[in-house]
Amino acid sequence: MSIELVENRYGKSSVRLLEVRRRPDRHDVREVTVDVACAGDELAAAYATGDNRHVLPTDTMKNTVYALAREHSCKEIEDFGLLLGRHFMAHHPQLQQVEVALSARHWSRVEVAGRPHPHAFVGSRADRRTALVRADRQGIAVSAGIADLFVLKTAGSSFAGFPRDRFTTLPEARDRVLATRICAEWRYRGADVDFGFAFAGIQQRLVETFAMHDSRSLQHTIYAMGEAVLEGFSEVEQIHLTLPNKHYLLADLSPFGLDNDNQVFIATDEPYGLIEGTLRASRP
């Protein structure tokens, strides 16, 4: 019997980093979680025979994240991911591929007497900005995204005309509450991008489209949101959207002699529908 290692991958996960940029009048903070994953044919011996000559310690990867954060001031997380990916590929020829995934937590300034405090912050939002850099010997690719951006609207959403069988109990809805946590990842055409400007614009376009679109299903909304991004941002070649349907179900108040004209709903966590879609732009 012949046994072959057909794929290998290893790295350091959940490297948490808080950067404090100390300015004379204020402090700026950024909290980023970094995952580094490496692969290469020369690493096969470590798996098969325990030969570690080509295995860069994952502790070194962790230290590299902190050291490069200190040596370089990267404005955007995509730029930091590019810095890390290029560093590992340049200094470790045994690696064929490096993937750097980044996730940034949002901190906003505490307001005191109506004015933003210079060095106190509150983590008031659950959504995270994300980035993914894939580097290999042929080049480098950059993706960005947003995770867990909770949005809700109380009109402009329906779900009707679906097939029914003997297990179907869901009534058709012509006017329903629609809520989801937007998870989006888009791939840039290159690395020469104003990442901060693009992220802010894409996030705004996603949220505005969710609000304004006359949704007949979350599938319908996914297409509209992806289409809006691809039409508005030529630097994006593909976008993947994941929208869980966070159900708010109309409460039955009839046992209490009360009507319920689309006003009182029951919030449910599980189970939930999970809708995904990928859209790609073909440009001349």
Any donor-acceptor pair under 3.5 Å from Asn260 side chain to Gln263 backbone
yes
Is the backbone of Glu31 close enough, under 3.5 Å, to the side chain of Arg16 for a donor and an acceptor to pair up by distance?
no
With distance as the sole test, does Asn245 use its side chain to make a donor-acceptor pair with the main-chain N or O of Leu218 at under 3.5 Å?
no
Val15 and side chain to side chain contact (heavy atoms under 4.5 Å, CB included): which single residue from Thr64, Thr58, Val65 fits?
Val65
Taking Lys75's backbone N and O only, do any of them form a donor-acceptor pair with Arg30's side chain (distance below 3.5 Å, no angle check)?
yes
Is it the case that Asp165 and Thr168 place a side-chain donor and acceptor less than 3.5 Å from each other?
yes
CG/Leu243 to CD/Glu276 distance, rounded to the nearest 0.5 angstrom?
9.0 Å
Restricting to non-hydrogen atoms, name the atom on Ser14 and the atom on Thr33 that form the minimum distance, rounded to 0.1 Å.
CA-CG2, 3.6 Å
In terms of relative ring orientation, are Phe159 and Phe162 parallel, tilted or perpendicular, with 30° and 60° separating the classes?
parallel
Got a second to check how far Ile146's CD1 is from Thr130's OG1, nearest 0.5 Å?
8.0 Å
Which atoms form the tightest heavy-atom contact between Arg205 and Ala228, and what is the distance?
NH1-O, 3.0 Å
Donor-acceptor contact below 3.5 Å, side chain Arg137 vs main chain Leu95
yes
Main-chain N/O of Phe210 paired with Lys153 side-chain donor or acceptor, under 3.5 Å:
yes
Is Leu253 reachable from Leu250 through a run of hydrophobic residues whose side-chain heavy atoms are each under 4.5 Å from the next?
no
Scanning both residues in full, the closest heavy-atom pair of Ala281 with Leu230 reads N-CD1, 3.9 Å
For the side chain of Gln94 and the backbone of Gly40, is there at least one donor-acceptor N/O pair under 3.5 Å apart?
no
Which distance, rounded to the nearest 0.5 Å, do you find between the CD of Glu99 and the SG of Cys38?
10.0 Å
Could you tell me whether a side-chain N or O of Arg128 sits under 3.5 Å from a main-chain N or O of Ser103, the two making a donor and an acceptor?
no
Would you say CG of Asp192 has more than 12 non-hydrogen atoms from neighbouring residues, nucleotides or ligands within 6.0 angstrom?
no
To the closest 0.5 Å, what do you measure between CD (Glu185) and OG1 (Thr278)?
9.0 Å
Short question: side chain of Arg164, backbone of Leu170 - any donor-acceptor pair under 3.5 Å?
yes
Does Arg115 CZ have over 12 foreign heavy atoms under 6.0 Å away?
no
Side chain to side chain contact (heavy atoms under 4.5 Å, CB included) partner of Cys74, chosen from Leu68, Val32, Leu83:
Leu83
Atom of Ala104, atom of Ile77 and distance for their closest heavy-atom approach
CB-CG2, 4.1 Å
Would you sort out whether Glu76 and Arg129 count as a salt bridge (Lys or Arg N to Asp or Glu O under 4.0 Å), showing the intermediate values?
CA-CA 10 Å; Glu76 310 296 346; Arg129 178 177 173 179; 3.0 Å; yes
Which pair of heavy atoms, one from Leu279 and one from Gly226, lies closest together, and at what distance?
CD2-C, 4.0 Å
Are Ser254 and Asp252 close enough that a side-chain donor and a side-chain acceptor fall under 3.5 Å?
yes
Kindly compute the distance separating CD (Glu42) from CG (Asn8), expressed to the nearest 0.5 Å.
11.0 Å
Do the side chain of Asp51 and the main chain of Ala46 share a donor and acceptor less than 3.5 angstrom apart?
no
Check whether more than 12 heavy atoms from other residues, nucleotides or ligands sit under 6.0 Å from atom OH of Tyr66, and answer yes or no.
yes
Gap separating the CG atom of Leu152 from the CG atom of Leu178, nearest 0.5 angstrom
7.5 Å
So if you build clusters from Ile, Leu, Val, Met, Phe, Trp, Tyr with side-chain heavy-atom gaps below 4.5 Å, do Leu249 and Val177 land together?
no
Please determine whether side chain to side chain contact (heavy atoms under 4.5 Å, CB included) holds for the pair Tyr223 and His213, giving the CA-CA distance in whole Å, both sets of side-chain angles, and the decisive distance to 0.1 Å.
CA-CA 10 Å; Tyr223 194 94; His213 180 241; over 6 Å; no
Report yes or no: is the cationic atom of Arg109 (NZ for Lys, CZ for Arg) under 6.0 Å from the centre of the six-membered ring of Phe121, at an angle within 45° of the ring normal?
no
Apply salt bridge (Lys or Arg N to Asp or Glu O under 4.0 Å) to residues Asp214 and Arg216 and explain how you reach the verdict.
CA-CA 7 Å; Asp214 185 10; Arg216 298 180 183 180; 5.5 Å; no
Taking 4.0 angstrom as the limit, do Glu7 and Arg9 come out as a salt bridge?
no
Minimum heavy-atom distance Tyr248-Ala267, with the two atoms named
CE2-CB, 3.6 Å
Side-chain contact test, heavy atoms from C-beta onward, threshold under 4.5 Å: evaluate it for Arg189 versus Glu235 and give yes or no.
no
